[in-house]
Student: 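Below: one structure in structure tokens.
Just so we're clear, the structure is a prediction, and the values are computed from it rather than from any experiment. We name chains A, B, ... by the order of the sequence lines, and we start the count at 1 in each one.
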2 protein chains.
Amino acid sequence: MDSPPTTRDRIVQAAMELFWRKGYGSTSISDILETAKVNSGSLYYFFKGKQELLVAVLEAYRDGIGPALLNPAWNGVDDPIEKIFALLAGYRRALVDTDCFYGCPIGSLALELHEPDPEVRELMAANFTAWTDAVRECLEQADLRPETDVRALAELTLTVMEGAVMQTRTFRDVAYFDRAVAQLRQHIDQLRKE
Amino acid sequence: MDSPPTTRDRIVQAAMELFWRKGYGSTSISDILETAKVNSGSLYYFFKGKQELLVAVLEAYRDGIGPALLNPAWNGVDDPIEKIFALLAGYRRALVDTDCFYGCPIGSLALELHEPDPEVRELMAANFTAWTDAVRECLEQADLRPETDVRALAELTLTVMEGAVMQTRTFRDVAYFDRAVAQLRQHIDQLRKE
DNA sequence: TTGTTAGTTGAACGTTCAATCAAGTCAATC
DNA sequence: GATTGACTTGATTGAACGTTCAACTAACAA
């Protein structure tokens, strides 16, 4: 049923992969061309330049949060709190699978791009919001004390994930990730009813 | 008493400033030369290349954590827990003063450099360790429950700061920082004796 | 057949980059 | 006053970069 990927798709795919692995600045157009097996003219037929390609990549990430991130992580998980930690476990796996090299692609871009265009900045923000909104829904389904600031707690989850990825990558040791997640679990446990 | 800064010092100073504001990759050698008012030959007389300059910058940051970061933040603060939040307030101020553009220089570098040399990676790790060690000392002086994992809690403080800076910069809104810090305070309060 | 549209090709362009180096300065030492 | 050695100068190099473009192909339509 699924037709072979279009040239445009191959370019976006390659850019997603390379921006994740090498970062935006360190990925050259020719890197992308080689990976996607495409000539430069084709790339510039579909995209005005490198930055418009970044926009497409960020849109692809945003649209993939549900199908490519949440659905696999939540397969077979029902408890709303456990869904949150299953999501975090997905990032842990990505770290372990890459020897603690690669973490969250959006987080890396967010700190690498020091003066992003408004469109790029807003797309990164949209990615974060979509992520925390999903966590927020879980928290609202859980039995937390009524006075709990669910928004702040969902944002803290993202905060902890991103900060933990940063330290894990820097120390090349997933134990930093585990200790941070354990602290988050302890914090959330304190907010449960009873 | 303090003599005029040496050429070397001016170069390191300029590089610290520019790596913080523009990032490592986006700072060119000629940016540094202009800022430091130095010719390229002088820079290459003191440093083998851009990366050796990065090493010097990371060493300068590490050596400055006490005198340039902790001492000013802790001026007039005695309570060990309040010292921690005074430190975080310093980062908040930096964000507000720069319209939520610039956060922690080490954190930005840690996510920007995807394949850092071992020496660079270890220096970033040393910066993080020096930071969390300072927080750890505060936590050990505080009256926390004896079963508290003080190391994990100190690392969580760094995690929250870095993650909060990332979101604050992306949303250009310091409220994200404040909500994260409020959650951290709530968590630490839960771990106090009684 | 002829024209039109959508997509592809890859050599070439101008710029910017990190890095080099031969020549020069100047205060201290002999 | 000659010599030394630490430091400075800035034009220059060559590679890598993002981007452009005129020519080309294939499919479909008039």
Student: Hey, does the side chain of A:H114 reach the backbone of B:R21 with a donor-acceptor pair shorter than 3.5 angstrom?
Tutor: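 Indeed, once roles are kept as given, a pair shorter than 3.5 Å links the two residues.
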
Student: Given the structure, check if the side chain of A:S40 and the base of C:dA12 hold any donor-acceptor pair shorter than 3.5 Å.
Tutor: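 No, the side chain and the base share no sub-3.5 Å donor-acceptor pair.
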
Student: Between A:G25 and B:K37, which has a closest nucleotide on DNA chain D that is more 5'?
Tutor: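 Nearest-nucleotide comparison on DNA chain D picks B:K37.
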
Student: Between C:dC17, D:dT8, C:dT20, which one does the side chain of B:Y44 approach most closely?
Tutor: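 Nearest to the side chain of B:Y44 among the choices is C:dT20.
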
Student: Where the side chain of A:D149 meets the backbone of A:A152, is there a donor-acceptor pair that is under 3.5 Å apart?
Tutor: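 Answer holds: yes.
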
Student: Specify the separation, in whole Å, of atom CG of B:D9 and atom P of D:dC7.
Tutor: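 Answer to the nearest Å: 12 Å.
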
Student: Measuring from the side chain of A:S30 (C-beta onward, heavy atoms only), which nucleotide among D:dC17, C:dA6, D:dT8 has the closest atom?
Tutor: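 When the side chain of A:S30 is considered, D:dC17 is the closest of D:dC17, C:dA6, D:dT8.
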
Student: Of the nucleotides C:dT8, D:dT8, C:dA19, which one has an atom closest to the side chain of B:K50?
Tutor: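 My answer, after comparing the listed nucleotides, is C:dA19.
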
Student: Taking only side-chain N and O atoms of B:T7, does any of them lie within less than 4.0 angstrom of OP1 or OP2 on D:dC7?
Tutor: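 Answer is no, no contact under 4.0 Å.
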
Student: Could you tell me whether the side chain of B:Q13 and the main chain of B:A36 form a donor-acceptor pair under 3.5 Å?
Tutor: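 No; zero donor-acceptor contacts below 3.5 Å.
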
Student: Strictly distance-based, threshold 3.5 Å: is any side-chain N or O of A:T148 a donor or acceptor partner for the main-chain N or O of A:L144?
Tutor: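 Absent.
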
Student: So which nucleotide from C:dA18, D:dG18, C:dT8 ends up closest to the side chain of B:S28?
Tutor: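 Between C:dA18, D:dG18, C:dT8, the one nearest the side chain of B:S28 would be C:dA18.
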
Student: At 4.0 Å (heavy atoms only), tell me whether A:G49 reaches a base, stays on the sugar-phosphate, or touches nothing.
Tutor: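 The answer is sugar-phosphate, as A:G49 gets under 4.0 Å only of primed atoms, P, OP1 or OP2.
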
Student: Can you identify which nucleotide, out of D:dT8, C:dT8, C:dA18, has its nearest atom closest to the B:I29 side chain?
Tutor: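 The answer is C:dA18.
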
Student: Could you tell me how far apart B:R10 (CZ) and D:dC7 (P) are, to the nearest whole angstrom?
Tutor: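 Value for this atom pair: 13 Å.
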
Student: Under 3.5 Å, is there a donor-acceptor pair between the side chain of A:D173 and the main chain of A:A175?
Tutor: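 Yes.
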
Student: Rounding to an integer number of Å, can you tell me how far B:F46 CZ sits from C:dA19 C1'?
Tutor: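 After rounding, the reported distance stands at 17 Å.
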
Student: Once you round it to whole Å, what is the distance between C1' of C:dT16 and CG of B:D31?
Tutor: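 Going from CG in B:D31 over to C1' in C:dT16 covers 11 Å.
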
Student: Figure out the OH/P separation between A:Y45 and D:dT25, and round it to whole Å.
Tutor: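 After rounding, the gap between these two atoms is 18 Å.
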
Student: For A:S26, which contact category applies under a 4.0 Å heavy-atom criterion: base, sugar-phosphate, or nothing?
Tutor: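 Contact class for A:S26: none.
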
Student: Just the rounded figure in Å: distance from P of D:dA16 to CD of A:E34.
Tutor: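 Those two atoms, CD and P, are 12 Å apart.
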
Student: Counting side-chain heavy atoms from CB outward, which of D:dG18, D:dT9, C:dT9 is closest to A:N39?
Tutor: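 Side chain of A:N39 sits closest to C:dT9.
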
Student: Nearest-Å distance, NZ (B:K48) to P (C:dA18)?
Tutor: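 Spelled out: NZ on B:K48 to P on C:dA18 is 17 Å.
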
Student: Nearest whole Å is fine: how far is C:dC17 P from B:Y24 OH?
Tutor: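 Rounding to the nearest Å, OH of B:Y24 and P of C:dC17 are 14 Å apart.
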
